[in-house]
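Starting from 1, each residue takes its place in the sequence as its number.
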Amino acid sequence: KGQEVVKLSTLPKRAKQQVLKCIFLLAFPHVGFFCVCPSHDTVRELMDAQKEEATEEGINYVAMRNLFVREAREALDVKVVKKTRSTQIKESVERMELSRTWTQFRRKMNPDNLTHPPEFTVKPRGQTVWEGKTVKLHCTVAGWPRYKNNVLIDVKAHPEKYTVESNYNMHSLEIKNCDFFDTAQYYISALNVKGEASSVATVVVKRKDRYNRKLGHGVTFETTIIDKFEVAFGREGETLSLGCTVIVYPTVKKYQPEVVWYRNSVPLKPSKWVHTHWSGERATLTLIHLNKEDEGLYTLRVNTKSGFDTYSAYVFVQDADVEVEGVPVAPLDVRCHDVNKDYVVVTWKQPAVEGSSSIQGYYIDRCEVGCHHWALCNDVPVKYARFPVTGLVEGRSYIFRVRAVNKAGISRPSRVSEAVVAMDPSDRARLRAGPLAPWTGMIKFTEEDPTVGVVPGEPTDVVVTEATKSYVVLAWKPPVQRGHEGVMYYIEKCISGTDTWQRVNTSAPVKSPRFALFDLAEGKSYSFRVRCCNSAGVSEPSVSTGEITVGDKLGEPSGPTLISMATRNTATSVVVFWKACKDVKHLVGYYIECSVVGTDVWMPCNNKPVKQTRFVCHGLTTGANYVFRVKAVNPAGYSQSSPNSDALVVLPAICECLHHNSSPLFTLLLAVKDYMVLGWSPPANNGGADIRGYFLDYRTVKGNAVGKWHELNHKALTTTSYKAENLKENVFYEFQVRAMNMAGVSKASLPSASLECKEWTLTVPGVPVGLHVLEIRDTSVVVLWETPTFDGRTPVNGYYLDFKEASAGEECWKAAHEKVNKMKYMKVTGLKSGTSYVFRVRAQNLAGVGKPSELVGPVLAKTLPGTKEIYVDVDDDGVISMIFEFPEMKPGSEFVWSKNYQAIDASRLTIVSEQGKSRAIFNSPSLEDLGTFSCVVTNTDGISSSFTLTEEGESLLLCSSAWFNKIWFSPVIPFKTEMAMELLEKGRVRFWTQVEKCTSACQVEYVFNDLIISHGQKYTMNFDKNTGIIEMFMDSLEVTDEGTYTFNLVDGKAKGTTSLVLIGEEFMELQKKSQFERAEWVRKQGPHFVEYLDFVVTSECDVLLKCKVGNVRPETEITWSKNSIEIAEGDEDLSKKDAGVYEVFLKDDRGRDKSTFNLTDAAVLNELFRVIGDEIKVISTEHGIILYSTVTYYNEDLRVAWLHKEAKIAASERVKAGVTGEQLWLKINEPTEKDKGRYTMDIFDGKGSVKRFVDLIGQAWEEGKSLNLTGNVWGDPVPEVSWTKNDKLLVSDERYKLKFEQGKFASITIAAVTTTDSGKYALLVKNKYGTEAGEFTVSVYNPDDEEAKEEKKD
């Protein structure tokens, strides 16, 4: 009206703004996604365009509404006209059509139906173009309203390259002057509030290769990596470089391969810690300032258009030296999670070395980026390897580090974390959606009322995300109603059992929807809730979390149950396997430790936890003997270490294809025009692990010229034979083989003899293959083989087995049997124990006997340690089974059963193996099971056994099983134990028996003297049908209880009876015992003697009267008396007057007890007599030797006698005996050969005696002769040697010549010995580890004096 401009819109005032975008995404190969996301200006342009479009749509709506209203008014002018039926039907149809049109229009104009998810009616199609051409991609998107496009390819920045058009929902992208790098996948994405749809088209740009004209139709690049870096060791703080030389053939100008470095399969990007360099020939990776985070498997990958090549090696990073001995090393891998406005969660990994004591906790430090001041985040060390840091300033960047602490001190700090910004996660997501990131979400716009001062709603979904004994973390969702300004939060807690809510953050509200609560009482339960606040006020509280108990929800992991094995790898490495922890949560990884046997010093093998259950420990000492153990770690801490592995000497594990027989390694099994079948023997040494396969190479031979080696098989062979195909007829070939085990591939064997590929025309069969031995015993062995590859003119019908001693000549071959053997195995008996044998087999057909096979052996005829035989068992249910045991099972070993040395039929046998024992159970034993059953234990030196089941043996087993079933189903219930009786505490009597088996319907009748008794006050009955035990209890035995007790059993048709007769003296004795036990029980209810009064004699010969009491109280009276007279404490020595009757009385209000002991002087002296004598000792003097014994107690009543060879020794000038103080001695001056023998000291008190013995051995030396004494000495380092005589050091001079030769032999030579040389000599050896001495006695006598003494005696 007039100048007034009216804008009409179909949208209500608060309708949601609808935004739809179509986005092109370009995915470059090897580069990732390249895209441009809309800025805030772009979003505002989209909103303005949407408003203009809504206005335009409003005008259209008014026009359409007026049209329909006018048509409706015209329809209301009713005229009375007579119409035919056909006309009425026609008009009715027109009205229905008009109504349907109106309904569709209203539905379209309904605000709830204005939008729907976008849909690609025509998707972009992939195209292939030549380089330099232009390509155009088209698509059509259906949706309401029409879409505004925002292509994430920067068209303005590259107008010469890209052109984007959008007309009537048809969108196109034009790429001009295509080159090879435009080859990619192009994405188009349409988004609105109802959803998202995307489509993709692939553009392939073919290059007209300029080099193809020179090099042919195509170039195939071959990549070779040489000068490879080995396993590397570094220390924290050092710089380490890894490098390889890369050769790419052919060399093409301006073409360079793509070189990528990986750590633990993750690509490395250049940073201040990582520098990469490619010179065109050599790839180098430099690690600046090593940290434990840098430890791992490093891989170099070289990509070309023809493929790629890789090389990997492990890098170990050792801890830097600690500043204080015993402190832990630094933690590692510090990371930040759940970053918010004022909150972040810091996590880390525990170090491998805890120091001299266990780690008590960790300190977390923070530092603002750009500053150098580190602030402590926690006052008390936290045990959990995860900590929420609060109090951050929004918009500032922080870095964090962690330090470990134990009793010895604090560790060095860890490597700092990546810098994080304290900000809202939604703001961070918008910042990350920069020019280099694809659009991954949906933009929503909402319009709020322009009012201010809106109180926010309450938060929702308040939950406890973490709970430890140190802190609890809450998380919640912001309220929907929060106004234009931001909201903050107050947290409240309530102790369980109360209704009082306390605000936690009273000083200031928090900005993040996360909060960590500290200083909570461990073990108590709390409830939590959250309130929102802004300038308008505080909201209502959220719903409570419910009761939460403060404590660690995550426990330390259980230790690895077992080190499976530690096997050899190289000269300095070992492969360790273990079983993973069970039911562990949030496992961080495992640490492996090693220790040299005998040192008990454990060293870490890895300083960064690994998650796999296999690890190669490098850097070990060749030849050293190690044991290994593993411990797991999770955020809660370390597990217990696993059991130690078996000790292992570090040696190379690579096996070699060696052969110790005189026959060639290779055997030609079959030759045809274009192929040959070869066989070979396994290596004599498997390197400590089972052989897993073989690789065969060949080369041509022409005269003296040989060709290059070529591989015959790319996949490892599991047999010792192979069919070499595609050979040329009448050409000579040589072959070599390499074996493989878990450690790697061995060196190649020596080449075979030249073999001609020429078809055989033999009529006899070829040689048998696959010879091996099992069940090695002292006198027998089982030899097995496979059929020949070449049968000859007719099939093979038998075999002959020959054997001989390994050291015997060719003429010593013996036949193991006379008749032909139809089987492919045979047991050779009659061998000599401890002798080595070799075996061979020959095959036979109708044309004759073929050549002998390759030898197997030498085999030592000796039973392997730990070998047991298979035995047969029939259990209680009549089940027949064979059992083989091998308790020393290694991890990875298993039992393998066979019948007639072939795979068993699973329908006939059920195999159950556990804990070193394997049981083969016959499912339905019959004559079909006749044969030889064998069992082999894998991963051993050949532990095996067999059992031959004959028809007679089968019948016996079946009879045993049938006998059991007959007994079980007979009408008599068998008893496992007949009725017995036992006396219990309080004098109770138990009658019991046990049946073999019974059903749940079994009933028992209890009978005494033909009268049925029942459960009551006197009798208590019990019947456990699971165990078959029947019991009846009586509290006491009275005179009327003498008689016969019977249990009658009924189980269906089966019956059983067992009885026990208690009469006469047997009953009376049992009654007395019952009464005594009853009285004892009553006595023990009050103070009583556990051990009655008795005496002992101590080593100091003191007499100690003692007793042991029980159930006493402070008020219990204890009284001693002698001969009925109360005694008190005294210090008098024991004498004969102390003999008498001693009594001890116990008394209080619960009862009394007494103990009596009759102490006599004879009893005391007899006990003293047992402890007085010590063992006889011998000392040497310059005059002779002295035999002596020290006694603790001695008086004049004891008589001492000395005996030599059971004859009493008479006193003389040369031999004297006596007593000095408490020492009994015998002196022998100038001892001779006759003085050698057994000496006895006999101490007698008139009633009994005690004897002490000593054997005097040695050598008496004749005066005037030369004496040489020699001793063998060993030690590392070589010890110092010295000699002493009578504890005085000897020096080498003219009389004594002391020698120490070759570090092993020590000797002393005395020229012309005299009686003065008699005495005690000692050889002393000493080094830094200790001292040891060898003592001996030398006696020198004059033969003339001895003869003179003999003459005097005569």
[atom1]-[atom2] distance between [X] and [Y], expressed to the nearest 0.5 angstrom:
X: I1013; Y: Y1006; atom1: CD1; atom2: OH; answer: 9.0 Å
X: D1035; Y: L984; atom1: CG; atom2: CG; answer: 10.5 Å
X: L1187; Y: M1241; atom1: CG; atom2: CE; answer: 10.0 Å
X: W578; Y: K631; atom1: CH2; atom2: NZ; answer: 13.5 Å
X: H1204; Y: L1226; atom1: NE2; atom2: CG; answer: 10.0 Å
X: N1111; Y: D1153; atom1: CG; atom2: CG; answer: 11.0 Å

Do [X] and [Y] sit within salt-bridge range, that is, some charged N less than 4.0 Å from a carboxylate O?
X: E1077; Y: K1073; answer: no
X: E593; Y: R629; answer: yes
X: R1083; Y: E1080; answer: yes
X: E1117; Y: K1147; answer: no

Using a 6.0 Å distance limit plus a 45 degree cone around the ring axis, check whether K1154 lies over the aromatic ring of F1145.
no
Looking at W1120, does the NZ or CZ of K1122 lie under 6.0 angstrom from its six-membered ring centre and within 45 degrees of the ring axis?
no
For side-chain hydrogen bond (donor to acceptor under 3.5 Å, both in side chains), just list the numbers for E1126 and S1121, CA-CA rounded to whole Å, side-chain angles, deciding distance to a tenth of an Å, and then say yes or no.
CA-CA 4 Å; E1126 184 174 347; S1121 67; over 6 Å; no
Is it true that the side chains of E1031 and N1022 contain a donor and an acceptor less than 3.5 Å apart?
yes
Does a side chain donor of either S525 or T549 reach within less than 3.5 Å of an acceptor in the other side chain?
yes
I1176 vs Y1188 side-chain heavy atoms within contact, under 4.5 Å
no
Looking only at non-hydrogen atoms, find the nearest pair between [X] and [Y] and report the distance.
X: T1044; Y: T1046; answer: CG2-OG1, 3.9 Å
X: I359; Y: N406; answer: CA-CB, 4.2 Å
X: Q350; Y: N634; answer: NE2-O, 2.8 Å
X: Q1071; Y: L1037; answer: NE2-O, 3.5 Å
X: D1041; Y: S1036; answer: OD2-O, 3.7 Å
X: C998; Y: D1051; answer: CA-OD2, 3.6 Å

Within a 6.0 Å radius of atom [atom1] on [X], are there more than 12 heavy atoms belonging to other residues, nucleotides or ligands?
X: Q1075; atom1: CD; value: yes
X: K1018; atom1: NZ; value: yes
X: D1149; atom1: CG; value: yes
X: E982; atom1: CD; value: yes
X: F1076; atom1: CZ; value: no

Spell out, as yes or no, whether a donor-acceptor pair under 3.5 Å connects the side chain of [X] to the backbone of [Y].
X: K1227; Y: V1215; result: no
X: D1024; Y: N1026; result: yes
X: Q1085; Y: W1081; result: yes

Suppose we call two aromatic rings close when their centres sit under 6.0 Å apart. Are F991 and Y1045 close by that rule?
yes
Check: Y1239 ring centre within less than 6.0 Å of F1253 ring centre:
no
Does Y1092 form a ring pair (Phe, Tyr, Trp, His ring centres under 6.0 Å) with F1157? I'd like the steps, not just the answer.
CA-CA 8 Å; Y1092 287 97; F1157 180 74; over 10 Å; no
Please test R1252 against D1242 for salt bridge (Lys or Arg N to Asp or Glu O under 4.0 Å), starting from the C-alpha separation and ending with a verdict.
CA-CA 7 Å; R1252 298 289 184 264; D1242 189 359; over 6 Å; no
